[in-house]
Number of protein chains: 2
Amino acid sequence: MATQWDGDIPIYVQLYQQVIRRILDDHLLEGEALPSVRKVASEYQLNPVTVSKAYQMLQEEEIVEKQRGKGLFIKEGVKKVILARERINFLEKEWPVVLDQIARLNLSAEDLLADRQGGK
Amino acid sequence: MATQWDGDIPIYVQLYQQVIRRILDDHLLEGEALPSVRKVASEYQLNPVTVSKAYQMLQEEEIVEKQRGKGLFIKEGVKKVILARERINFLEKEWPVVLDQIARLNLSAEDLLADRQGGK
DNA sequence: GCTAGTGTTATACATCACCAATACACCTAT
DNA sequence: ATAGGTGTATTGGTGATGTATAACACTAGC
């Protein structure tokens with residue numbers, strides 16, 4: 001889905017982030033298998049090892065489980081954990097920086113949040 | 001002021017960003033000289049060439065002007081230009097990504113605006 | 001003229017992250 | 001057993017980053 005890569009971020013990190021996003025968006029469901037490294041690699045014109053590197057991050061974080069010779073599977077109950085973790089990370093790390101920038105640019109966070117559409 | 005460097009971003013880019021921020025925050029004023037490369041280098045334990053690299057970016061963007069043998073000086077009228085440029089960049093590139101993430105994490109305006117400090 | 005201050009350039013160097021090519025180990029089905 | 005599907009360990013190349021060192025050209029003050 002990432003039409004192009006952000007040259008400032010390693011591709012395998014972007015792939016990792018994509019999986020996280022797809023889990024949160026219910027495009028990847030718990031219990032499902034990740035697309036194979038070779039499939040992703042051919043889809044994006046990458047080396048399978050590059051994809052594997054992204055998948056290793058997911059294993060280290062216990063988001064995904066390896067079944068030898070079969071593939072990687074999304075663990076049960078993981079969406080909830082990711083959601084909680086990402087919320088904390090966003091609120092503590094990313095959002096304060098954004099707020100700083102908003103203030104520096106003399107913009108209003110209230111206005112920006114109010115102006116979004118489809119918000120509920 | 002950056003107590004530590006963000007390992008994911010080249011130091012010279014962070015130095016560049018710092019100058020931009022200091023101009024917007026009125027810590028660096030139009031007409032003023034930038035601190036010399038050697039001073040900054042010694043302050044942060046860096047190589048002068050690394051600092052120079054940041055200063056070159058500022059020259060290429062016409063934010064700063066070289067006076068041979070004297071130093072680099074912030075051009076007049078530049079704050080306004082930077083502010084406009086940064087606003088556009090923020091609204092078109094950064095903010096949409098932030099909004100996406102906010103939606104994905106089901107965060108509300110209350111969550112985001114609750115207890116921030118220094119608000120005006 | 002001399003000295004000390006500007007930024008810049010050139011060279012060499014070490015290090016590291018990134019990514020690709022290859023080969024390997026494993027599982028499953030036929 | 002063979003073929004085709006998993007992920008991955010290894011190796012090597014490339015480029016970016018930052019340092020070290022030195023030299024250069026210019027300005028300012030004495």
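No experiment lies behind these values; they were computed from the predicted model shown. Letters A, B, ... are given to chains in the order of the sequence lines, protein chains preceding strands, and every chain is numbered from 1.
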Just call it for A:Val51: base, sugar-phosphate, or nothing, with non-hydrogen atoms closer than 4.0 Å on any strand.
nothing
Nearest listed nucleotide, side chain of A:Gln56, among D:dG7, D:dT8, C:dT6
D:dT8
Walking DNA chain C from its 5' end, the first of A:Arg68 and B:Pro48 to be reached, judged by nearest nucleotide, is B:Pro48
A:Glu86 with B:Arg104: basic N within carboxylate O range, under 4.0 Å:
no
Separation between CD of B:Gln14 and CD of B:Gln4, rounded to the nearest 0.5 Å:
10.0 Å
Can you tell me the distance, in whole Å, between the CZ atom of B:Arg38 and the C1' atom of D:dT19?
15 Å
Atom NZ of A:Lys70 and atom C1' of C:dA29: how far apart are they, to the nearest Å?
12 Å
First of B:Lys66 and A:Gly69 reached from the 5' end of DNA chain C, by closest nucleotide:
B:Lys66
Any side-chain N or O of B:Tyr12 under 4.0 Å from OP1/OP2 of D:dG18?
no
To the nearest 0.5 Å, what is the distance between CD1 (B:Ile82) and CD (B:Glu62)?
12.0 Å
What nucleic acid atoms does B:Glu65 come within less than 4.0 Å of, heavy atoms only: base, sugar-phosphate, or nothing?
nothing
Selection from C:dT8, C:dC18, D:dA20 that lies nearest to any side-chain heavy atom of B:Asn47
D:dA20
Rounded to whole Å, please give me the gap between CD in A:Gln45 and C1' in C:dA20.
13 Å
Main chain of A:Val49, side chain of A:Asn47: is a donor-acceptor contact present, judged purely on distance under 3.5 Å?
yes
So what does the secondary structure string of DNA chain D come out as, 5' to 3', with Watson-Crick or wobble pairs under 3.5 angstrom, [ ] for crossing and | for pairs with another strand?
||||||||||||||||||||||||||||||
Can you see if the side chain of A:Thr50 gets near the phosphate of C:dC18 - specifically, an N or O under 4.0 Å from OP1 or OP2?
no
Just compare C:dT6, C:dC26, C:dA21 and give me whichever is closest to any side-chain atom of A:Val49.
C:dA21
Find the distance between CD (A:Glu30) and NZ (A:Lys79) and round it off to the nearest 0.5 Å.
8.0 Å
Check the angle between the aromatic planes of A:Tyr44 and A:Trp5 and answer parallel, tilted or perpendicular using the 30° and 60° thresholds.
perpendicular
Whole-Å gap separating P (C:dG7) and CE (B:Met57)
17 Å
Between D:dA16 (P) and B:Ile9 (CD1): distance, integer Å:
17 Å
Atom CG of B:Leu58 and atom P of C:dG7 are separated, to the nearest Å, by 12 Å
Grab the two heavy atoms, one from A:Ala33 and one from A:Phe73, that are nearest each other, plus how far apart they are.
CB-CE2, 3.6 Å
How close or far is atom C1' of C:dT9 from atom OH of B:Tyr55, stated in whole angstroms?
18 Å
Verify, without hydrogens or angle tests, whether A:Arg116 (side chain) and A:Leu113 (backbone) share a donor-acceptor contact under 3.5 angstrom.
yes
Rounding to a whole Å, what distance do you find between B:Asp8:CG and C:dA17:C1'?
11 Å
Using OP1 and OP2 only, check whether a side-chain N or O of A:Ser52 sits under 4.0 Å from D:dG7.
no
What's the closest nucleotide to the side chain of A:Ser36 if the choices are C:dT8, D:dC26, D:dT6?
D:dT6
Considering just the side-chain nitrogens and oxygens of A:Gln59, establish if one lies under 4.0 Å of OP1 or OP2 belonging to D:dT8.
yes
